[in-house]
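On a predicted model such as this, the values are computed, not experimentally measured, just so you know.
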Amino acid sequence: QNRQREYKDIGVGYQGGFFFRISKGSIYTQFDFNFLRTAMYINDATFTDGTYVYETSIGYNTVGLPVVLGVYAYKNALFKLRFFTGLEANFLIKAKLRFDYSDGDNVGFVDYKLTRQEKRQIFRTAQFAYQAGIGVDVAMFTIDFKYSLGLRNYVRDDYVRTQTHL
């Protein structure tokens with residue numbers, strides 16, 4: 001448990017994946033498979049055992065399975081404008097800690113991959129998120145701009161808000 005947290009931030013990551021879309025007239029349903037890599041940073045944390053952590057980064061990988069329902073606002077042979085909304089299930093698959101610490105006598109750096117049991121103690125391994133967005137299809141290229149809001153924290157901690165906002 002942390003007693004003090006002075007600074008926290010969600011880092012930048014990347015996302016990739018694939019999808020398929022089923023359309024009927026101006027309505028469509030889209031199923032995705034996404035891989036997301038992101039990081040969270042916490043600076044100046046003191047733990048109950050007296051260990052002081054200067055800087056911590058927690059990198060984690062998740063697999064997302066969104067299902068969205070959308071409408072085509074404009075549609076012709078080369079260009080489509082879409083609006084969509086839906087839910088996404090995210091599953092944590094890997095987590096890694098990196099931190100600098102001091103426990104009075106020792107100062108050090110740790111790079112540590114969490115075990116399955118440790119991941120379950122620190123993280124909620126499943127998360128659901130609401131999505132809304134707009135997309136354009138130009139010929140065979142697709143660009144989506146979406147906002148995703150996690151419905152609960154990834155970290156089992158009341159002090160750090162780690163809901164996804166992507």
Side-chain angles (χ1 to χ4, degrees), residues 1-2 5 7-43 45 56-99 112-166:
Q1 285 266 350
N2 285 355
R5 295 191 185 159
Y7 175 76
K8 55 190 176 283
D9 194 11
I10 300 296
V12 176
Y14 57 86
Q15 177 175 325
F18 57 89
F19 71 91
F20 71 92
R21 192 180 300 154
I22 301 168
S23 299
K24 178 84 173 175
S26 64
I27 298 174
Y28 70 91
T29 301
Q30 183 171 306
F31 302 92
D32 295 37
F33 178 87
N34 298 324
F35 175 81
L36 175 66
R37 168 74 179 147
T38 192
M40 173 178 60
Y41 301 98
I42 302 171
N43 291 349
T56 304
S57 74
I58 303 171
Y60 53 94
N61 300 344
T62 60
V63 170
L65 303 170
V67 176
V68 298
L69 180 64
V71 295
Y72 291 103
Y74 178 79
K75 187 175 177 181
N76 69 26
L78 289 177
F79 179 80
K80 297 177 184 111
L81 176 64
R82 305 174 281 107
F83 296 99
F84 58 89
T85 186
L87 290 175
E88 178 176 19
N90 292 296
F91 301 98
L92 181 72
I93 56 173
K94 181 180 173 186
K96 188 176 181 181
L97 294 173
R98 298 184 79 149
F99 58 89
Y112 182 71
K113 182 181 174 187
L114 296 174
T115 65
R116 177 179 282 189
Q117 183 179 1
E118 290 169 332
K119 280 191 298 190
R120 290 183 179 179
Q121 288 174 346
I122 297 169
F123 294 98
R124 291 183 177 97
T125 56
Q127 154 100 273
F128 288 95
Y130 171 75
Q131 288 187 357
I134 185 171
V136 293
D137 300 335
V138 180
M140 62 184 205
F141 299 102
T142 298
I143 300 172
D144 286 343
F145 300 96
K146 62 182 171 182
Y147 182 75
S148 180
L149 173 64
L151 300 178
R152 65 180 183 169
N153 283 351
Y154 263 121
V155 176
R156 296 181 185 272
D157 189 303
D158 295 334
Y159 298 105
V160 178
R161 183 176 178 187
T162 56
Q163 294 166 303
T164 54
H165 292 272
L166 306 170

Walk me through whether Tyr60 and Thr38 qualify under side chain to side chain contact (heavy atoms under 4.5 Å, CB included). CA-CA 6 Å; Tyr60 53 94; Thr38 192; 3.3 Å; yes
Option passing side chain to side chain contact (heavy atoms under 4.5 Å, CB included) with Arg82 (candidates Thr142, Val136, Ile134): Thr142
Please set out all donor-acceptor pairs under 3.5 angstrom arising from side-chain atoms of residues 68-75, sequence neighbours excluded.
| residue | atom | partner | partner atom | Å |
| --- | --- | --- | --- | --- |
| Tyr72 | OH | Ser23 | OG | 3.0 |
| Tyr74 | OH | Asn76 | ND2 | 3.1 |
| Lys75 | NZ | Gly25 | O | 3.2 |

Could I get the full list of side chain to side chain donor-acceptor pair (under 3.5 Å) partners for Gln30, not counting sequence neighbours? Arg21, Asp32
Could you pull out the closest heavy-atom pair between Glu88 and Gln131, with the gap in Å? OE1-NE2, 2.7 Å
What pair of heavy atoms forms the shortest contact from Phe84 to Gly135, and how long is it? CE2-N, 4.0 Å
Shortest non-hydrogen contact from Ala89 toward Phe128: CB-CE2, 3.6 Å
So, taking the atom named OG1 in Thr115 and the one named CD in Gln121, what distance separates them when rounded to the nearest 0.5 Å? 7.5 Å
CD of Gln127 to OG1 of Thr125: how many Å apart, nearest 0.5 Å? 10.5 Å
Between Arg124 (side chain only) and Leu92 (backbone N and O only), is there a donor and an acceptor less than 3.5 Å apart? no
Start with the C-alpha distance between Ile93 and Phe35, add both sets of side-chain angles, then the distance that settles side chain to side chain contact (heavy atoms under 4.5 Å, CB included), and finish with yes or no. CA-CA 10 Å; Ile93 56 173; Phe35 175 81; 3.8 Å; yes
Hey, are the side chains of Ile22 and Tyr28 touching, using non-hydrogen atoms and a 4.5 Å cut-off? no
Value rounded to 0.5 Å, distance of CD in Gln15 from CG in Leu36: 5.5 Å
Nearest heavy-atom neighbours spanning Pro66 and Asn34: CG-ND2, 3.4 Å
Might you point out which heavy atoms bring Ala129 and Asn90 nearest each other, and give the distance in Å? CB-ND2, 4.1 Å
